[in-house]
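Taking it in order: structure first as structure tokens, then the write-up.
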2 protein chains.
Amino acid sequence: MVTIYDIARKAGVSITTVSRVINNHPYVKDETKEKIEKLLKETGYVPNSNASSLVSKKTNTIAVILPDITNSFFANIFRGAEERANSQNFTVIYGNTNEDSEREKQYINTFIEKRVDGVILDPISTDLDIIKPLEQNDIPFVLIDRNIKGAKKSHVGIHNKKEAFRIVNYLIEQGKKKIALISASEELSVYKDRKKGYINALKESGLDVENDYIKIGTKPIKEVGYNLTKKMLQSSKLPDAVFAANNFLAVGVYNALKDLDYRVPEDISIVCFDDFDTGTVISPFFTSIIQPASKMGTAAMDLLLDKIEGGDNKSEQIYLKSELCIRKST
Amino acid sequence: MVTIYDIARKAGVSITTVSRVINNHPYVKDETKEKIEKLLKETGYVPNSNASSLVSKKTNTIAVILPDITNSFFANIFRGAEERANSQNFTVIYGNTNEDSEREKQYINTFIEKRVDGVILDPISTDLDIIKPLEQNDIPFVLIDRNIKGAKKSHVGIHNKKEAFRIVNYLIEQGKKKIALISASEELSVYKDRKKGYINALKESGLDVENDYIKIGTKPIKEVGYNLTKKMLQSSKLPDAVFAANNFLAVGVYNALKDLDYRVPEDISIVCFDDFDTGTVISPFFTSIIQPASKMGTAAMDLLLDKIEGGDNKSEQIYLKSELCIRKST
DNA sequence: CTGTTAGCGCCTTCAG
DNA sequence: CTGAAGGCGCTAACAG
């Protein structure tokens with residue numbers, strides 16, 4: 001591949017001069033400048049950014065690490081972040097943890113090896129250890145969606161507890177009295193908060209909190225929602241509504257119910273968090289709390305770019321507003 | 001950030017020795033090896049892969065460039081590709097063209113600057129120029145989904161003409177006689193092929209090809225589908241079915257029809273290509289040709305990795321099978 | 001087993 | 001306006 005040396009040789013100048021025209025420095029005679037530019041084009045020269053990063057200590061690259069890009073919630077976070085990064089001349093590297101903390105750890109490591117300028121992370125790990133390498137290497141980062149307990153770091157998300165309260169309360173207003181919770185984790189911040197909101201709503205309305213109606217799995221994926229629902233229905237009587245802590249879980253719940261010949265919403269209602277791509281899906285099904293995913297992405301990226309460029313290190317908490325959308329599942 | 005020099009100094013050895021234990025080379029005394037490994041851990045040393053890439057000429061990074069990650073078709077391509085890359089110790093960089101050829105060009109350029117080992121591209125450009133920089137710099141790449149005319153390069157996709165024929169033929173079998181086409185481009189390979197399939201199907205059944213029923217826009221997005229449909233209904237009578245060339249167009253078609261108080265499928269049927277995330281969406285709506293997106297991604301990555309590692313440069317054409325799924329829109 | 005020496009491609013003083 | 005020299009962090013012969 002053609003290097004700065006090749007150009008210099010062909011132009012009969014030093015590499016310094018070539019470097020100068022590449023980087024638009026002043027003080028290059030128009031004549032030599034033109035000659036070099038012509039050569040640059042002819043040879044199809046493309047600078048090696050790894051080499052310049054070595055010197056500049058900047059890669060203009062930001063890593064975004066999310067659980068699963070095929071979940072439109074995360075895809076929209078990504079789009080928001082990417083858009084903003086691009087407008088500031090940053091490239092985005094993506095990593096899919098697939099809700100696996102081992103992969104998450106590995107991704108963080110490779111991204112540090114690549115010396116990314118910053119990281120946006122929606123963690124599956126709940127242990128502070130996961131962000132240690134980032135801190136140790138002075139790499140700015142911001143957490144998104146899920147937070148990590150004890151990490152006094154910038155975070156962008158919504159008020160999960162409050163929103164869970166809101167949607168469960170909506171069910172209660174609809175006359176539901178036996179409301180089950182299908183959730184994904186006792187550890188992940190957002191699921192802990194959603195459970196708290198659920199319990200608060202029940203208590204405030206004087207409804208019993210029944211353990212048989214609370215099933216917590218390990219990952220927010222369809223299979224987990226499916227299995228937990230089946231398990232619940234084996235051991236206890238039918239609730240009149242289910243609060244699924246995210247969209248994928250809700251699909252699992254729905255499928256399990258369907259297998260057992262229950263109708264939604266006639267026999268039982270379902271509500272959840274997050275959406276499948278709002279606006280593209282023809283008739284959205286789930287009554288749910290819709291998070292402003294794309295905005296979360298841009299907000300997180302804004303915060304991160306501030307840290308990178310301004311060097312400011314305050315840790316901010318940004319809470320964005322979400323919406324309750326009533327649909328066909330209730 | 002701690003470097004190999006820091007470790008060497010602290011251990012009282014040369015950087016070569018440190019490099020050796022980092023890269024697991026033989027011939028290092030157990031004792032010094034242990035000492036260095038301890039230091040590595042203590043200091044939280046992370047190698048700078050940009051520096052090693054400079055000498056090794058390999059970045060272990062592959063760029064994937066797609067139109068829009070929020071379209072589940074592309075998200076699944078991505079997942080397939082990423083999965084495979086990871087298993088071979090490659091990292092994936094992602095670029096979203098947003099169906100904009102300028103952005104596409106820029107992305108290709110930044111990825112060359114980063115000296116990625118290979119590229120997977122689902123192009124919006126139809127001009128051979130777009131892949132010239134890749135060829136000029138000897139960067140292996142494979143095209144996915146859309147092909148570029150005249151590019152004798154490896155490509156992974158489906159038989160678009162045949163599949164379009166199949167789905168239009170299905171409509172004809174259902175007794176439809178006035179079948180419209182809403183498509184996105186006269187240039188992009190897949191849309192050209194789908195149009196051919198549509199026309200062949202009509203002709204073979206002795207149906208007229210009416211230009212009033214063929215509307216071609218510029219991009220496969222909702223807005224285009226919406227506007228084209230409205231325009232068509234202004235200038236001609238209602239068809240009894242619409243073939244939308246992809247899923248996003250279909251949504252636009254549906255929304256336009258709804259605005260005009262037509263019912264789908266009672267008044268008019270819709271069919272399309274691609275799906276919204278199969279299996280997650282509760283009740284898929286569109287009768288459509290479902291492409292094996294994830295498989296396309298892994299197949300493309302396989303091809304690419306072969307080129308990179310084996311250095312083989314044959315250009316292969318891989319056609320995968322797709323399915324016709326009958327749903328509620330017909 | 002271990003260290004010295006040369007780069008990889010580029011940028012940045014510091015002298016002309 | 002231009003060039004020489006040194007260095008970014010790491011690897012790879014080549015000598016010990």
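Just so we're on the same page: letters track the sequence lines, and every chain starts at 1. Only a predicted model underlies this, so the values are computations on that prediction, with no experimental measurement involved.
Partners of Ser19(B) under the side chain to side chain donor-acceptor pair (under 3.5 Å) rule, at least two apart in sequence or in another chain, are Asn23(B). Here Ser154(A) pairs with Lys307(A) under the side chain to side chain donor-acceptor pair (under 3.5 Å) rule; sequence neighbours left out. Partners of Lys29(B) according to the side-chain contact (heavy atoms from CB on, under 4.5 Å) rule, which considers only residues two or more places apart in sequence or in another chain, are Glu31(B), Thr32(B).
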Practice problem: Mind running salt bridge (Lys or Arg N to Asp or Glu O under 4.0 Å) on Asp68(B) and Arg79(A) for me, showing each step along the way? | Solution: CA-CA 9 Å; Asp68(B) 179 5; Arg79(A) 270 297 292 270; 2.7 Å; yes
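Where the helix from dC1(C)-dG16(D) to dG16(C)-dC1(D) starts and where it ends, the local axes point in directions that differ by 40°; five pairs per end, rounded to 10°.
Under the ring-ring contact (aromatic ring centres under 6.0 Å, His included) criterion, no residue pair touches residues 15-34 of chain B, with sequence neighbours excluded. Applying the ring-ring contact (aromatic ring centres under 6.0 Å, His included) rule to pairs touching residues 110-158 of chain A yields Tyr107(A)-Phe111(A), sequence neighbours excluded. Evaluation of the side-chain hydrogen bond (donor to acceptor under 3.5 Å, both in side chains) test over residues 43-60 of chain A, restricted to residues two or more places apart or in two chains, returns Thr59(A)-Asp117(A). Residues in residues 126-145 of chain A take part in no side-chain hydrogen bond (donor to acceptor under 3.5 Å, both in side chains) pair, two or more places apart or across chains. Applying the ring-ring contact (aromatic ring centres under 6.0 Å, His included) rule to pairs touching residues 84-103 of chain A yields Phe78(A)-Tyr94(A), Tyr94(A)-Phe78(B), sequence neighbours excluded.
Rounded to a whole Å, the CZ atom of Arg20(A) is 11 Å from the P atom of dC1(D). The CG-C1' distance, from Leu54(A) to dC10(D), rounds to 8 Å in whole Å. dC10(D) atom P lies 18 Å from atom NZ of Lys57(B), rounded to whole Å. Remark: P of dT12(C) and CG of Asn24(A) are 13 Å apart, rounded to the nearest angstrom. The distance from atom NZ of Lys58(B) to atom P of dT11(D) is 15 Å, rounded to the nearest whole Å.
Within residues 105-116 of chain B, no residue has any heavy atom closer than 4.0 Å to DNA chain C. Sorted by residue number, the members of residues 29-53 of chain A with any non-hydrogen atom under 4.0 Å from DNA chain D read Lys29(A), Thr32(A). Residues from residues 1-18 of chain A lying near DNA chain D, meaning a heavy-atom separation below 4.0 Å, are Val13(A), Ser14(A), Thr16(A), Thr17(A) in numerical order.
Using a 4.0 Å cut-off between a side-chain N of Lys or Arg and a carboxylate O of Asp or Glu, Asp6(A) and Arg9(A) qualify as a salt bridge. Classification of Arg146(A) and Glu99(A) as a salt-bridged pair holds, one side-chain N sitting under 4.0 Å from a carboxylate O.
Under the 3.5 Å distance criterion, with hydrogens and angles disregarded, no donor-acceptor pair is assigned to the side chains of Asn96(A) and Arg103(A). Ser185(A) and Lys192(A) form no side-chain donor-acceptor contact under 3.5 Å, judged by distance and modelled atom types alone.
In this model, the phosphate group of dT11(D) is approached by a side-chain N or O of Ser19(B) to a distance below 4.0 Å at OP1 or OP2.
For His25(B), the listed nucleotide lying nearest its side chain is dA12(D); candidates were dG9(C), dC8(D), dA12(D).
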